[in-house]
Amino acid sequence: MAKPGLPQGTRDFASETVRKRAYIFNSIRNVFETYGFQPLETPAMENLETLMGKYGEEGDKLIFKILNNGLDNPAKHEAARNDLEKVLEGKSVKSFTERALRYDLTIPFARYIATNFGQLTMPFKRYQIQPVWRADRPQKGRYREFYQCDADVVGSKSLLIEAELANIYHSVFKQLRVPVEIKINSRKILGALAVVCGGPDKMMDITIAIDKLDKIGLDKVKEELADRGLNPEQVTIIERYLLISGSNTERLAELKALIGENDLGIHGIRELEFLLQFLPATVTDTLVTDFTLARGLNYYTGVIFEVKAIDVQIGSIGGGGRYDDLTGLFGVPNVPGVGISFGVDRIYDVLDELKLFPENVATGTKVLFFNMGEEEAKAAFSLMQTLREKGIAAEIYPDQVKFDKQFKYADKKDIPYAVIIGSEELANETCVVKSLKQGSQQILAHAGLVDFDWS
RNA sequence: GAGAUCGUAGCUCAGUUGGUUAGAGCGUCAGUUUGUGGCACUGAAGGCCGGGGGUUCGAGACCCCUCGGUCUCCCCA
């Protein structure tokens, strides 16, 4: 029989991995909580129309759609046959699919804001830790099911929030001991560049091209810009823009010379300047202005973030930004928001590679009670319950088998203590407590077991 | 969506220019050892060589198709 497999890009997590992942989730959750964010959970699936058109053309293709039930109903056959042509053209048709798996946490959040608008106290701060699904081709650091940890604030235009979010990035990665670089930019700066070179409608073309700078190099970027219809003069301006270097303040000064005449540009520059002044040096040390940073999602309008682990060859491990009118798409205009996201699966890979997981994440069973027969097991069982009630993880070997086997079981599961109650101990109301790490053992009265130091 | 590469035991992999009955290590199970584990030794189980077709006297190996894994591009966490 063929062995059952897993859908492409999905994974099982064995106990140790689950524990390590929980360590990351908890670190992030704790920081979110201390910054006053409240948890939210939304369904795995949304109505397809909630999701479609929110992530750009590429994004739409990567949404996992759910086939409608009841297609076998004869009454629906004619409609389905008529719609089949559209499906084959790659369109989404209600008679075939009306629901889809969540693609990220931001759009479901926006939908939540829109559906509950009257009842939320603004500014509304929520965090959300849930899996999302993308029909992407899996590759290194990239899966079809992965978790996002988002924190968003809606209902305020204050840059204080951006500052706070940058601070969250800083404290989470400090806590996890991952050296990172937090790149910042503003969509307004990119917008200003577009205005200066060929008009606002060129913004997408320009950002897509310059975003690739560190991957394909300056010459290729210039080539791509020309291909996208920019004239040589405009390409030269962009080249100057890309060559901006130095410290954050130096870069901003150079940028001013280039797009400082433009209103949008001035605003964008001010946003970054504010962050760099507002935050303490310990945080700004990890902040790096990067004017090539674009971020794919097309709803961003202001400051954008991206976090990269230093010295690890993996994509970004977090990103986010300001979106001034996200819920407008759902009929609730003028709700500004800012959000950030942590890519847990990649953070895991980084911690693993850098060996940054603490050793004690893998705490399992503390005590194994040996099974020495029915009467003995009965005594062991009730003693074990007293330990469990005190919060000490304990288990009893279910079968009466050779010592050898019970010891090996404890070894494999890394259980530090064995408690042995045989016929002799049963008669004396004692038990043998053996430390498997040290090999030492002692005899305790049954009553003394609870007070034993199991650490 | 485009491309590269790999599929042999539960896992990691050998397997010569195509040549008898496909191997190793680890793991599993049993025994040495029925109240003291990790070590050691002995033995066993475990394979339609991913699937289908073709070339050949002969295919794990070569060719075609297909499925799956991994990686790259696009895009993204």
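Every chain is numbered from 1 and lettered A, B, ... according to where its sequence line falls, protein lines coming before strand lines.
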Distance, rounded to the nearest Å, where A:F370 contributes CZ and B:G35 contributes C1': 10 Å
Whole-Å P distance, B:U21 and B:C6: 28 Å
For B:G31, the Watson-Crick or wobble partner whose two distances fall under 3.5 Å: B:C41
Donor-acceptor contact below 3.5 Å, side chain A:D345 vs main chain A:Y143: no
Counterpart base for B:G7, defined by Watson-Crick or G-U wobble contacts under 3.5 Å: B:C67
For B:C76, the Watson-Crick or wobble counterpart (both distances under 3.5 Å): none
Rounded interatomic separation in angstrom, taking CD1 from A:I415 and C1' from B:U36: 16 Å
N/O (side chain, A:K412) to phosphate O (OP1/OP2, B:U28) under 4.0 Å: yes
Interatomic distance at C1', B:A77 relative to B:A4, whole Å: 24 Å
Interatomic distance, A:I182 atom CD1 to A:T286 atom OG1 [nearest 0.5 angstrom]: 3.5 Å
Residue met sooner reading RNA chain B from 5', once A:R137 and A:D411 are mapped to nucleotides: A:R137
B:G15 to B:G50 separation - P atoms, rounded to the nearest Å: 15 Å
Step-by-step side-chain hydrogen bond (donor to acceptor under 3.5 Å, both in side chains) determination, A:E271 to A:S186: CA-CA 7 Å; A:E271 288 172 348; A:S186 173; 2.7 Å; yes
Whole-angstrom distance between B:C39 and B:C65, as gauged at atom P: 49 Å
Whole-Å gap separating P (B:C76) and CG (A:D60): 13 Å
Sugar-phosphate only, base, or nothing, as touched by A:Q400 at under 4.0 Å among non-hydrogen atoms: nothing
Pairing partner (Watson-Crick or G-U wobble, both distances under 3.5 angstrom) of B:U56: none
Face-to-face contact A:F407 to B:G38 six-ring, under 5.5 Å, under 30°: no
Given RNA chain B, 5'-ward residue of the pair A:G318 and A:K140, judged by closest heavy atom: A:K140
Below 4.0 Å: OP1/OP2 of B:A77 and any side-chain N or O of A:Q148: no
Per A:L436 side chain, nearest of listed nucleotides B:A77, B:U36, B:G37: B:G37
Between A:T10 and A:E145: side-chain donor-acceptor atoms closer than 3.5 Å: no
Trace of the side-chain hydrogen bond (donor to acceptor under 3.5 Å, both in side chains) decision for A:E376 with A:S423: CA-CA 7 Å; A:E376 291 87 341; A:S423 52; 4.7 Å; no
Touch class at under 4.0 angstrom, heavy-atom based, for A:S316 against every strand present: sugar-phosphate
Integer-rounded Å distance: B:U34 P and A:N371 CG: 18 Å
Atom pair distance, as rounded to whole Å: CD in A:Q139 and P in B:C73: 6 Å
Given B:U72, B:U36, B:C76, the nucleotide with the shortest approach to the side chain of A:R134: B:C76
Spacing between A:R144 atom CZ and B:C71 atom P, to the nearest angstrom: 13 Å
Interatomic distance at C1', B:U16 relative to B:C62, whole Å: 16 Å
Donor/acceptor link under 3.5 angstrom from A:K434 side chain onto base of B:U36: yes
Complement of B:G46, any strand, by Watson-Crick or G-U distances under 3.5 angstrom: none
Nearest-Å distance once atom C1' is located in both B:C63 and B:A24: 31 Å
Nearest-angstrom distance from the residue atom CZ of A:F403 to C1' of B:G38: 16 Å
Side-chain N or O of A:Q406 closer than 4.0 Å to phosphate OP1/OP2 of B:G37: no
Shortest side-chain distance from A:R346, nucleotide among B:A77, B:U36, B:C71: B:A77
Whole-Å P distance, B:C13 and B:G7: 10 Å
Sub-6.0 Å ring centroid separation between A:Y147 and A:F25: yes
Check: B:G35 base within 3.5 Å donor-acceptor of A:Q441 side chain: no
Nearest-Å distance once atom C1' is located in both B:A2 and B:C29: 49 Å
A:K405 vs B:A30: side-chain N/O to OP1/OP2 distance below 4.0 Å: yes
Sugar-phosphate only, base, or nothing, as touched by A:Y143 at under 4.0 Å among non-hydrogen atoms: base
Minimum-distance nucleotide to A:K408 side chain [options: B:G38, B:G35, B:A77]: B:G38
Donor-acceptor under 3.5 Å (A:N26 side chain, A:A22 main chain): yes
Watson-Crick or G-U wobble mate for B:A24, both contacts under 3.5 Å: B:U12
Rounded interatomic separation in angstrom, taking CG from A:D404 and P from B:A30: 9 Å
Of A:V307, A:L356, A:V172, the residue whose pairing with A:V178 passes side-chain contact (heavy atoms from CB on, under 4.5 Å): A:L356
